[in-house]
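Encoded as structure tokens, the structure appears first; notes follow it.
Lettering of chains follows the sequences in order, A, B, ..., and the numbering in each one begins at 1.
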Amino acid sequence: MKVYNTRSGRKEDFAPGDPVRMYVCGVTPYSECHIGHAMSYIVFDVIRRYLEFRGYRVRHVQNFTDVDDKIIARSSQLGISAKELAEGFISQYFADMDALNIKRADIYPRATEEIPKIIEVIDGLIQKGHAYHAGGDVYFRVASFPQYGKLSHRATDEMFSTEEATGKEQPMDFALWKAAKPGEPYWESPWGLGRPGWHIECSAMSLKYLGETLDIHGGGQDLIFPHHENEIAQSEAFTEVTPFVRYWLHNGLMQLGEEKMSKSLGNLITVKEALDRYSADALRLFVLSSHYRSSLTYTEEGLAAMERGAERLRFAAHRQGGDGPTAIEVENYRQRFMEAMDDDFNTAQAIAALFDLAREINRAAEEGHSIREGQKALLELAGVLGLQLVPPQYIIEIDTYTVESKLRELSEHIREELIAAGQGGLIHELDGVESLLMKDIIDRLLALRSGLRAKKQWALADKIRAQLAKLRIILEDTPQGTNWRYRR
RNA sequence: GGCGACGUGGCCAAGAGGUUAAGGCGGGGGUCUGCAAAACCCCUAUUCGGCGGUUCGAAUCCGCCCGUCGCCUCCA
């Protein structure tokens, strides 16, 4: 396997330890997740799933930075505690990620619950001369770490930090610990009451849960500088072990219109909004159909196209086949899939293999061959990309109660039409629909429609089809009978 | 200004020196079908932003130009 390492700027052979120690930067929970977050977590979810598929054991840690300036500002605005605010958005985070079929990390440490470790690291950095305190603040002494800039490939003489500069030796030094201002949450420390700076929590938590050297550290490209650069400085200065991270992986950023989607610009589409309109599979296909290091522009047309594609994969994965001998060389597709993924997770090519397999499944089915093996492989490989390909009948959450009552209304209406059309003989098909459940009512209507079609009563048969379509229930007539499915 | 990325069919998007330039969506035609839908088959880039160069051979390497975007201390 080859993976692109931001540190070296090229693809490298992937030779991790066992288990693979993987740390992915999580969110600062002060607002809802948008599809830019979804993009990042889908990408790293697929990387993790593929590593597991390849037989690696993976220990996956992802943090919550649950105390920072924005959380504090927002919570005081709302008149609730920082903790309350963060916990609320953390719950929403999990709900969103679960809906996107993102596997949970093994551990989700929170900055506020790791204060002792954070203090230990800061204290060690002070002991070793890499940090100093100024008033109640503690800063990292960037000049003490000559390799600073090696990840983002920058020279230190161009850097400065916009953080409050009181007492800093150099403008580029950054805060490890911030003294608490009145009304802010605080913890006790050797330097007085305060809270951790932005970057230190990741160093402390990765060290605690994964050790001194990580195999994979992931995040969005916007974290390369300063966040990950600072993490390297803190971690390597503290442990004196190099490298802190063997493979730095960064995903490209989601664009909306002309600009990057971000909380600060306010130009965002939340995960909930996206999932309201499109299936998780469509969203995942959209993200994975281009390379993870490229930026991606969100468009409704793009998502709609992926929804169609997802429907095709679902159909192929669950359709009826024949009893003839298997005629699909499943191994070819597995190979193509793996070759693509082995090359720095080329999901676009992997997806192409999936679509080719789907086509071959359909072709084989129409020729009467068994397609079991092909469907099994399709579901398995799609699963590596986190695609669920649930059967088309279950694709949407439907308000069963409303649909049921509308189906009963429709049945009543059809009764009258039957009589008007002189087809009263078929009316018994609708007996008792008042007490039937949705799927049984649909079955009755389909049986009735078959009767009408047998008598070439096309007008009424088509009317039933059209009325059901209004309820997003799509009929498909085949030689074996009529199938139905939902349309999103 | 510094650093970096990108420009491939109507749209999205792989490919990074050499057989027919993946795949998806859309469009056109056909098979099947009472019609529709789905599925399948065929067609839809002799050419990869432009101009030069290297090479037997260039979307792929080099130079310049044009255009788009990202990062440069809030960010996934």
Tell me: CD1 of A/Ile351 to P of B/rG24, nearest whole Å?
-> 11 Å

Once each nucleotide of nucleotides 6-20 of chain B is scored for protein heavy atoms under 4.0 Å, what B/S/- sequence comes out, 5' to 3'?
-> -------SSS-----

Pick the P atom in B/rC62 and in B/rG7, then give their distance to the nearest Å.
-> 14 Å

With ring centroids as reference points, do A/Tyr41 and A/Tyr93 lie under 6.0 angstrom apart?
-> yes

Taking the six-membered ring of A/Phe355 (Phe, Tyr or Trp), confirm whether the NZ or CZ of A/Arg312 is under 6.0 Å from its centre and within 45° of its axis.
-> no

Starting from the 5' end of RNA chain B, give me the residue, A/Asp356 or A/Pro226, whose nearest nucleotide shows up first.
-> A/Asp356

Which whole number of Å gives the distance between the C1' atom of B/rC66 and that of B/rU54?
-> 23 Å

Looking at A/Phe345 versus A/Phe14, is the centre-to-centre ring distance below 6.0 Å?
-> no

For the pair A/Tyr23 and A/His217, name the ring-plane relationship: parallel under 30°, tilted 30 to 60°, perpendicular over 60°.
-> tilted

Which pairs with one or both residues in residues 283-292 of chain A pass salt bridge (Lys or Arg N to Asp or Glu O under 4.0 Å), sequence neighbours excluded?
-> A/Asp45-A/Arg284

Taking atom P in both B/rG15 and B/rA76, compute the distance separating them and give it to the nearest angstrom.
-> 28 Å

Hey, does A/Ala352 reach any base, or is it just sugar-phosphate, or nothing, if we go heavy atoms under 4.0 Å?
-> base

C1' atoms of B/rU55 and B/rA39, separation to the nearest Å = 48 Å

Describe the nucleic acid contact of A/Gly9 in one word from base, sugar-phosphate, nothing, applying a heavy-atom distance below 4.0 Å.
-> nothing

For B/rA37 versus B/rG30, give the span between their P atoms, rounded off to a whole number of Å.
-> 14 Å

Using atom CD of A/Gln221 as one end and atom P of B/rU73 as the other, report the distance to the nearest whole Å.
-> 17 Å

A/His318 (side chain) donor-acceptor with A/Leu389 (main chain) under 3.5 angstrom | yes

Syn or anti for B/rA22 (syn when the glycosidic angle lies within 90° of 0) | anti

Within residues 331-342 of chain A, the residues having a heavy atom closer than 4.0 Å to RNA chain B are none

Do we see A/Phe355 stacking on the base of B/rG24, given a limit of 5.5 Å between centres and 30° between planes?
-> no

Evaluate the criterion ring-ring contact (aromatic ring centres under 6.0 Å, His included) for residue pair A/Tyr108 and A/Phe94; output intermediate values, then yes/no.
-> CA-CA 11 Å; A/Tyr108 286 97; A/Phe94 282 125; 4.8 Å; yes

Rounded distance (Å) that lies between atom P of B/rG34 and atom CG of A/Leu460 = 19 Å

Take atom CG of A/Leu354 and atom P of B/rA22, then tell me their distance rounded to the nearest Å.
-> 19 Å

Do the side chain of A/Glu229 and the main chain of A/Gly149 share a donor and acceptor less than 3.5 angstrom apart?
-> yes

Sugar-phosphate only, base, or nothing, as touched by A/Tyr41 at under 4.0 Å among non-hydrogen atoms | sugar-phosphate

Using the P atoms only, state how far B/rU31 lies from B/rC69, rounded to an integer number of Å.
-> 48 Å

base_contact_polar (B/rG70 base, A/Asp222 side chain, donor-acceptor, <3.5 Å) = no

What does nucleotides 36-42 of chain B look like as a protein-contact string, B for base, S for sugar-phosphate only, - for none, at under 4.0 angstrom between heavy atoms?
-> BBSBSS-

Can you list the residues that meet the ring-ring contact (aromatic ring centres under 6.0 Å, His included) rule with A/His130, with sequence neighbours excluded?
-> none

For A/Val271 and A/His34 the tightest heavy-atom approach is CG2-O, 3.5 Å

On the 0 to 90° scale, with breaks at 30° and 60°, tag the A/Phe145-A/Phe140 ring pair as parallel, tilted or perpendicular.
-> perpendicular

Indicate yes or no for a side-chain donor-acceptor contact from A/Asp173 to the backbone of A/Lys168 under 3.5 Å, with no hydrogens or angles considered.
-> no

To the nearest Å, how far apart are A/Gln480 CD and B/rC32 C1'?
-> 12 Å

Say you pick atom C1' in B/rG9 and the same atom in B/rC25; how far apart are they, in whole Å?
-> 13 Å

Mapping A/Pro479 and A/Arg293 to their closest nucleotides on RNA chain B, which lands nearer the 5' end?
-> A/Arg293

B/rG4 C1' sits how many Å from A/Tyr4 OH, rounded?
-> 9 Å

Specify the separation, in whole Å, of atom CG of A/Asp45 and atom P of B/rA76.
-> 18 Å

Main-chain N/O of A/Ser279 paired to A/Glu307 side chain as donor or acceptor, under 3.5 Å | yes

Any donor-acceptor N or O pair under 3.5 Å, side chains A/Thr65, A/Thr28 = no

Are A/Asp69 and A/Lys181 close enough for a salt bridge, meaning some N to O gap below 4.0 Å?
-> no

Gap in Å between the two P atoms, one belonging to B/rA5 and one to B/rU19, rounded = 27 Å

Taken to the nearest whole Å, CG/A/Asn230 to P/B/rC74 is 11 Å

A/Tyr30 and A/Phe89: CA distance, side-chain angles, deciding distance, ring-ring contact (aromatic ring centres under 6.0 Å, His included) verdict | CA-CA 6 Å; A/Tyr30 70 92; A/Phe89 284 117; 7.7 Å; no

Please, what dot-bracket string fits RNA chain B when only Watson-Crick and G-U pairs with both distances under 3.5 Å count, crossing ones use [ ] and pairs to another strand use |?
-> ((((((((.[[[..)..(....]]]((((((.......))))))....[[[[[..)....]]]]])))))))....

